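These notes are about the structure you will find just below.
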Amino acid sequence: MKLKDVAAPLFKGLPKIHKEGVPLRPIVSGFKAPTRGLADWLKKQVPSTSKVSGLEIRNRKELLDKVKNLRLNDHEIMVSFDVKSLFTNINRTLALKELKEYFEVKRQDCVNKGLEINEIIEGFRLCLDNIYFRYRDKFYRQKDGTAMGCPTSMIIADIVMASVDKKAILIEGIKVWGRYIDDIFAVIRKENLNEIMVMLNNLERGIEFTVEIEREGFLSFLDVGLTRKVDGSIITSVFRQDKTGDKISCTKSQTVGDNHHDWNGNLTLHMTGTEQEGQAPVLSSQENNSL
């Protein structure tokens, strides 16, 4: 787990050229971060998290299987829910709680590997508490959430969202729920939409949903076009969102704050205390644009 060549992670951004204003997706590039070895080791110890809740959609094939025998009545609509900035808004206390519950279920796997659950959780805590990066020659530590670019982030996101899945499917008015990372395909009662949104946004602190509603019987999800027929069945087609237009993007990710692409306010930095030489100010990750 030791790294010989350690360097501070860099804060970078990937341009989202399909969105208005070309916002950046925040990435913490930490290949040489002090905790990288620990994070890589933890990732190898964790049993697969792709089917924790049983409501996950791992690929387009599973989406097609989910809708092939589906029938919608006149009071139901197809919607797509999206979690805003999932990685940076995950509550760390919740994350560690859900991780511990997950490993309790998988206790035998841990025993077989000679691992103690408390040691694994402590490893995740160390990785979460030590997310920092360099931005414009200053150093920042992230106060909450996790970061894209860390090997443990996808594991944490999967487990936290699996907990959300289990609560969401119990909400009155939700008939179908299928999640791909932070995007959800759902069928709901149309008249319950507002109540459902309120309940979803109160499930867990920091987890905030937006919604896209079918238009004229059509909804796209995972590059699949979903069209409802008169009888309520769904036909599918290949759908490609226009991500070109008149925008040109460099093939490399841009370092935030460099001469090529500035951050344009998509990340709000909140410092606590005063910056002192050799001491990293605290970063609160709050984005204006969803990941």
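Below, each value reflects all heavy atoms present in this structure, side chains not excepted, and no hydrogens, waters or symmetry copies. It should be emphasised that the depicted structure is a prediction, and the values quoted were computed from it without experimental measurement.
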Worksheet item: So, does Glu104 use its side chain to make a donor-acceptor pair with the main chain of Lys100 at under 3.5 Å?
Response: no
Practice prompt. Might you confirm whether atom NZ of Lys66 has over 12 heavy atoms from other residues, nucleotides or ligands at distances under 6.0 Å?
Written response: yes
Worksheet item: Can you list the steps and then say if Arg179 with Ile57 is a side chain to side chain contact (heavy atoms under 4.5 Å, CB included)?
Response: CA-CA 5 Å; Arg179 177 179 56 83; Ile57 296 175; over 6 Å; no
Practice prompt. Start with the C-alpha distance between Ile121 and Phe103, add both sets of side-chain angles, then the distance that settles side chain to side chain contact (heavy atoms under 4.5 Å, CB included), and finish with yes or no.
Written response: CA-CA 9 Å; Ile121 300 304; Phe103 282 109; 4.0 Å; yes
Discussion item. Is any side-chain heavy atom of Val224 closer than 4.5 Å to one of Leu226?
Written reply: yes
Practice prompt. Would you check if the distance from the ring center of Tyr180 to the ring center of Phe185 is below 6.0 Å?
Written response: no
Item to complete: Treat each ILVMFWY residue as a node, draw an edge where side-chain heavy atoms are under 4.5 Å apart, and state whether Leu55 and Leu170 are in one component.
Response: yes
Discussion item. So does Ser50 get a backbone contact from the side chain of Arg58, meaning a donor-acceptor N/O pair under 3.5 Å?
Written reply: no
Item to complete: State plainly whether one hydrophobic cluster holds both Ile235 and Val176, where clusters connect Ile, Leu, Val, Met, Phe, Trp and Tyr through side-chain heavy atoms under 4.5 angstrom apart.
Response: no
Discussion item. Could you measure the distance from the OG atom of Ser163 to the NZ atom of Lys166? Nearest 0.5 Å is fine.
Written reply: 7.0 Å
Discussion item. Taking Ser153's backbone N and O only, do any of them form a donor-acceptor pair with Thr146's side chain (distance below 3.5 Å, no angle check)?
Written reply: no
Item to complete: Kindly determine whether Asp165 and Ile169 satisfy side chain to side chain contact (heavy atoms under 4.5 Å, CB included), including the steps that lead there.
Response: CA-CA 6 Å; Asp165 291 341; Ile169 196 62; over 6 Å; no
Practice prompt. Measure the shortest side-chain to side-chain distance between Arg92 and Asp129 over non-hydrogen atoms and say whether it is less than 4.5 angstrom.
Written response: yes
Fill in: Within 6.0 angstrom of Lys190 NZ, more than 12 heavy atoms from elsewhere
no
Worksheet entry | Heavy-atom neighbours of Lys229 NZ exceed 12 at 6.0 Å | no
Discussion item. With a 4.0 Å cut-off on N to O distance, would you call Arg189 and Glu76 a salt bridge?
Written reply: no
Discussion item. Could you measure the distance from the CE atom of Met148 to the CZ atom of Arg25? Nearest 0.5 Å is fine.
Written reply: 5.0 Å
Worksheet item: Would you call Phe81 and Val79 a side-chain contact if the rule is heavy atoms closer than 4.5 Å?
Response: yes
Worksheet item: Taking everything shown except Met199 itself, do over 12 heavy atoms lie less than 6.0 Å from its CE?
Response: no
Worksheet entry | Rounded distance [0.5 Å steps], CD1 in Ile181 versus CG in Asp158 | 7.5 Å
Item to complete: Identify the two heavy atoms, one from Gly217 and one from Met78, that lie closest to each other, and give their separation to 0.1 Å.
Response: O-CE, 3.8 Å
Worksheet item: Side chains of Val52 and Glu56: closer than 4.5 Å at any heavy-atom pair?
Response: yes
Response to the item:
All heavy atoms of Ala95 vs all of Ile90, minimum pair found to be CB-CG2, 3.9 Å
Discussion item. Quick check: closest heavy atoms across Ser48 and Tyr102, and the distance to 0.1 Å?
Written reply: O-OH, 3.0 Å
Worksheet item: Is there a side-chain contact between Phe139 and Phe133 (heavy atoms, below 4.5 Å)?
Response: no
Worksheet item: Between Leu222 and Arg60, what is the shortest heavy-atom contact and its length?
Response: O-NE, 2.8 Å
Worksheet item: According to the interplanar angle, ranging from 0 to 90°, do the rings of Phe239 and Phe218 count as parallel (below 30°), tilted (30 to 60°) or perpendicular (above 60°)?
Response: tilted
Worksheet item: Hey, is Asp109 close enough to Lys113 for a salt bridge, meaning N to O under 4.0 Å?
Response: no
Practice prompt. Please say which of Arg136, Lys143, Lys138, Gln142 ends up in a side chain to side chain contact (heavy atoms under 4.5 Å, CB included) with Tyr140.
Written response: Lys138
Item to complete: Search all heavy atoms of Ala157 against all heavy atoms of Leu86 and return the closest pair with its distance.
Response: CB-CD2, 4.0 Å
Response to the item:
Nearest heavy-atom contact between Cys127 and Leu42 is SG-CD1, 4.0 Å
Worksheet entry | Within 6.0 Å of CG in Asp74, more than 12 heavy atoms from elsewhere | no
Item to complete: Determine whether Glu98 and Glu101 make a side-chain contact, defined as any pair of heavy atoms from C-beta on separated by less than 4.5 Å.
Response: yes
Discussion item. With no hydrogens and no angle check, just 3.5 Å: does a side-chain donor-acceptor pair link Gln108 and Asn112?
Written reply: yes
Worksheet, complete the sentence: So CD of Gln45 and CD1 of Ile155: to nearest 0.5 Å the spacing works out to 10.0 Å
Worksheet item: Would a 4.5 Å heavy-atom cut-off, applied to side chains only, mark Thr227 and Thr236 as touching?
Response: no
Practice prompt. For Glu191, look at atom CD and say whether over 12 heavy atoms of other residues, nucleotides or ligands are found less than 6.0 Å away.
Written response: yes
Worksheet, complete the sentence: SG (Cys150) and CZ (Phe124) are apart, to the nearest 0.5 Å, by 9.0 Å
Discussion item. Working note: Leu193 + Ile213, criterion side chain to side chain contact (heavy atoms under 4.5 Å, CB included); need CA distance, chi angles, decisive distance, verdict.
Written reply: CA-CA 10 Å; Leu193 176 59; Ile213 305 170; 3.3 Å; yes
Discussion item. Nearest 0.5 angstrom please: Ile188 CD1 to Leu200 CG, how far?
Written reply: 8.5 Å
Item to complete: Test Asp40 against every option in Lys44, Lys43, Arg36 by the salt bridge (Lys or Arg N to Asp or Glu O under 4.0 Å) rule and name the one that passes.
Response: Arg36
Discussion item. With salt bridge (Lys or Arg N to Asp or Glu O under 4.0 Å) as the rule and sequence neighbours excluded, what pairs involving residues 196-222 come up?
Written reply: Lys84-Glu208, Lys167-Glu204, Glu214-Arg228
Discussion item. What I'd like to find out is whether the side chain of Val198 reaches to under 4.5 Å of the side chain of Asn201, using heavy atoms alone.
Written reply: no
